[in-house]
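Just below is one structure, and these are the notes that go with it.
Just so it is clear, the values below take in all heavy atoms, side chains as well, and ignore hydrogens, waters and symmetry mates.
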Amino acid sequence: MKNRYVAEVLYKIADILEIKDVKFKPNAYRRAAQNVESLPEDIEKLHERNELGKIPGVGKNIAEKIKELLETGSLAYYKKLRDGIPVNVEELSSVEGIGPKTIKTLYREIGIKNLEELEKAAREGKIRSIKGMGEKTERKILDNIEFAREGGGRWLLGFVLSEAISIKALLEKKVDKISVAGSIRRMKETIGDVDILVVSSRPAEVMDFFTGMKNVETVLVKGETKSSVRLEDRIQVDLRIVDEDSFGSALQYFTGSKEHNIEVRKIAVRKGYKLNEYGLFDGNGEKAAGASEKEIYGALGMDYIPPELRENRGEVEAAMNGRLPDLIDYRDVKGDLQMHTTWSDGANSTEEMVEEARGMGHNFIAITDHVGTLKIAGAMDENKIRRQMREVEKINEEYDGIHVFYGAEVNIMKDGSLDMGRDVLKDVDVVVAGIHSSFRMQEKEMTERVINAMENDAVNIIAHPTGRIIQKREGIALNFDRVFDVARENNVMMEINAQPARLDLDDIHAKMAIGRGVKLSVGTDAHDANHLHYINLGVAVARRAWAEKKNVINTYSIKKLEKLFEK
DNA sequence: GCCGTTTTCGGCCCGACTGTTTTCAGTCG
């Protein structure tokens, strides 16, 4: 699948055009790139059907370019642009405060082409010699290069969420109203910074308190309505103060995404309004809405759009036509379908997992310890499996209010066979199969491998289907259309693994799976009782994939699941 | 380069903060 690759080339073209000061084209390329990136199917399929032009934002010219890119593997137009500006735009613009205009100036004035040269020039005091730049700019560049090197500035949602909640608790007493906004509210898999929105009658005091919190390392910006700080653990937190009657419009605005907001504002303009963070205003400058998000979407003729959908992936149009999905709710999930205990590589006993899950209100869980050959993960042999089965039977007799499915996580070998025999697996309630090695096979081979596993009638769920680790490991190469078709035909579920660094399937692939009639299974893959609380991260992915209750088997009754797992 | 409930040309989201400027350009979200 080349969606991601095509989108990247389009984004890079946009960057170079922007440096060349070309008007409007950069945005056209970005819009096209964004829509390619979030396409619910393989772009090569669209190309085969000659339907590239049907992608929003892709007209005749960009369609031609995508065609060339897919057919020849390169794009003459992009090559020519890149050769004209021999500058590593991506690298340079990763430094906060460096945008296209600055990159152009730096190149024109002192020939800077990459991060290394920028750092050298800043250290040697050459930046300040450029008109419009001074000592402060130079200092800031050096600081931000260091920051960019340290971690790229994006954090896993699973880790930032708790930080955001504790800051919110700290501020809560000082303000009249508060909400977390930004990508955290949209439950995006990685978070650039924490956005917090408050209403307060004493803004100056709140700003002083915020910038003076004891875990603040640096105050980046401090103003009357907006302040930004970097915490000791390097996470950036932005705080905005707004008026009560603008809280809804501000929340809408600061929740984003940027692309969603642009789309919504275009609708506003078309209907004769102006939308900004202070409210929705009509042609006479009269405020038409602002106190709540519902009010604003309503005034624009849209259904309320849940934050997780606000990515400009068709939600604005759907909201206009009353065709938004009836999203699965966090409370609809009644159980967790992947976890480990001390029987393999988990930290807690089966009882401890059951008790934690029951405390969370789960009706069922599946214990899915490793079995087979994966010795590094404590995989069990048949003998041990039989003993654990008896333990689970006993637990089911002892515990009320929760049912434990006896599961197993088997390994999918290079040829797609499983590392545990059918005579054992037939006695296991739910079999979760995953790839744990040989991640780098070619797409065709890899697709056959996964399909082989799914055609094994012991298999119920494919665990972490792409094997990606966010910011560390690319997912495996798969023909997703084929994989999802075979999954549906064989009644195999695709997992949304809720580990913070996995979230696999991701939102885009999960949406694709739903589109092809595949059911999803959320599993925390908990190796510790505390990990069971990651379940909401998985549900968030499902929501971002437009999933309804019926698409996610964790919402099913125990009876219905038993039947589903029997095949 | 794309697009259309001001359609085939003329538009293309909007405001705060910073650093460098004497009135604004650039960046960010």
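- Toward the 5' end of DNA chain B, the nearer of the two residues A:P56 and A:K136, judged by each one's closest nucleotide, is A:P56.
- In summary, the side chains of A:S38 and A:K511 do not present any donor paired with an acceptor at a separation below 3.5 Å, with no hydrogens or angles considered.
- The phosphate of B:dG1 (OP1 or OP2) has a side-chain N or O of A:K25 nearer than 4.0 angstrom.
- Taking atom P in both B:dC17 and B:dC13, the straight-line distance is 23 Å, to the nearest Å.
- Computed from coordinates, the A:L92 CG to B:dT27 C1' distance equals 15 Å when rounded to whole Å.
- Closest to the side chain of A:K65, out of B:dG1, B:dT20, B:dG29, is B:dG1.
- Among the heavy atoms of the strands, none lies under 4.0 Å from A:P26.
- Side-chain N or O atoms of A:E224 include none that pairs as donor or acceptor with a backbone N or O of A:I241 at under 3.5 Å.
- Look at CG on A:L239: it is 12 Å from P on B:dC17, rounded to the nearest Å.
- Straight-line distance from the CG atom of A:N27 to the C1' atom of B:dC2: 11 Å, rounded to whole Å.
- Among the atoms of the strands shown, none is found under 4.0 Å from any heavy atom of A:K271.
- With a 3.5 Å ceiling on both atom-pair distances, the Watson-Crick or G-U wobble partner of B:dG29 is B:dC14.
- A:K222 comes within 4.0 angstrom of the backbone, heavy atoms only, and of no base.
- Residue A:K258 has its side chain nearest to B:dG29 when only B:dT20, B:dG29, B:dG15 are considered.
- Judged purely by atom type and a 3.5 angstrom limit, A:S200 uses its side chain to pair as donor or acceptor with the backbone of A:R202.
- If you take CD of A:E277 and C1' of B:dG29, they are 10 Å apart, rounded to a whole angstrom.
- You'll find that the side chain of A:K101 is closest to B:dG26, out of B:dG15, B:dG26, B:dC17.
- Residue A:T225 places its side chain closer to B:dA16 than to any other of B:dG29, B:dG19, B:dA16.
- The residue among A:A63 and A:G223 whose nearest nucleotide of DNA chain B is located toward the 5' end is A:A63.
- By the 5.5 Å and 30° criteria, A:F24 is stacked with the base of B:dC12.
- Using a 4.0 Å heavy-atom criterion, one finds that A:I62 contacts the sugar-phosphate atoms exclusively.
- Of the candidates B:dT18, B:dC2, B:dG29, B:dC2 carries the atom nearest the A:N61 side chain, counting heavy atoms from C-beta on.
- Between A:T102 and B:dT27 there is a side-chain polar atom (N or O) within less than 4.0 angstrom of OP1 or OP2.
- With B:dG15, B:dC28, B:dG1 as the candidates, the nucleotide lying closest to the side chain of A:E96 is B:dC28.
- A donor-acceptor pair shorter than 3.5 Å cannot be found between the side chains of A:Q499 and A:D504.
- Ring pair A:Y304/A:Y297 is perpendicular by interplanar angle, where above 60° counts as perpendicular and below 30° as parallel.
- Taking 4.0 angstrom as the limit, A:Y278 places a side-chain polar atom (N or O) nearer than this to OP1 or OP2 of B:dA16.
- One interatomic measurement links the two molecules: NZ of A:K23 to P of B:dG11, which rounds to 16 Å at whole-angstrom precision.
- Between B:dG15, B:dC14, B:dC3, one nucleotide has an atom nearer to the side chain of A:R265 than all others, and that is B:dC14.
- Smallest separation of non-hydrogen atoms from A:E117 and A:K113: OE1-N, 2.7 Å.
- B:dG29 atom C1' lies 10 Å from atom CD of A:Q236, rounded to whole Å.
- In the set B:dG19, B:dG29, B:dC2, the nucleotide with an atom closest to the side chain of A:T137 is B:dG19.
- B:dT7 takes the syn form, because its glycosidic angle lies no more than 90° either side of 0.
- For A:N276, the listed nucleotide lying nearest its side chain is B:dC14; candidates were B:dC14, B:dC13, B:dT27.
- When distances run from any side-chain atom of A:K140 to the nucleotides B:dG19, B:dC14, B:dT27, the shortest one goes to B:dG19.
- A donor-acceptor contact closer than 3.5 angstrom is absent between the side chains of A:E90 and A:Y11.
- Distance CG (A:D21) to C1' (B:dA25): 12 Å, rounded to an integer number of Å.
- The CZ atom of A:R270 sits 6 Å away from the P atom of B:dT5 (whole-angstrom rounding).
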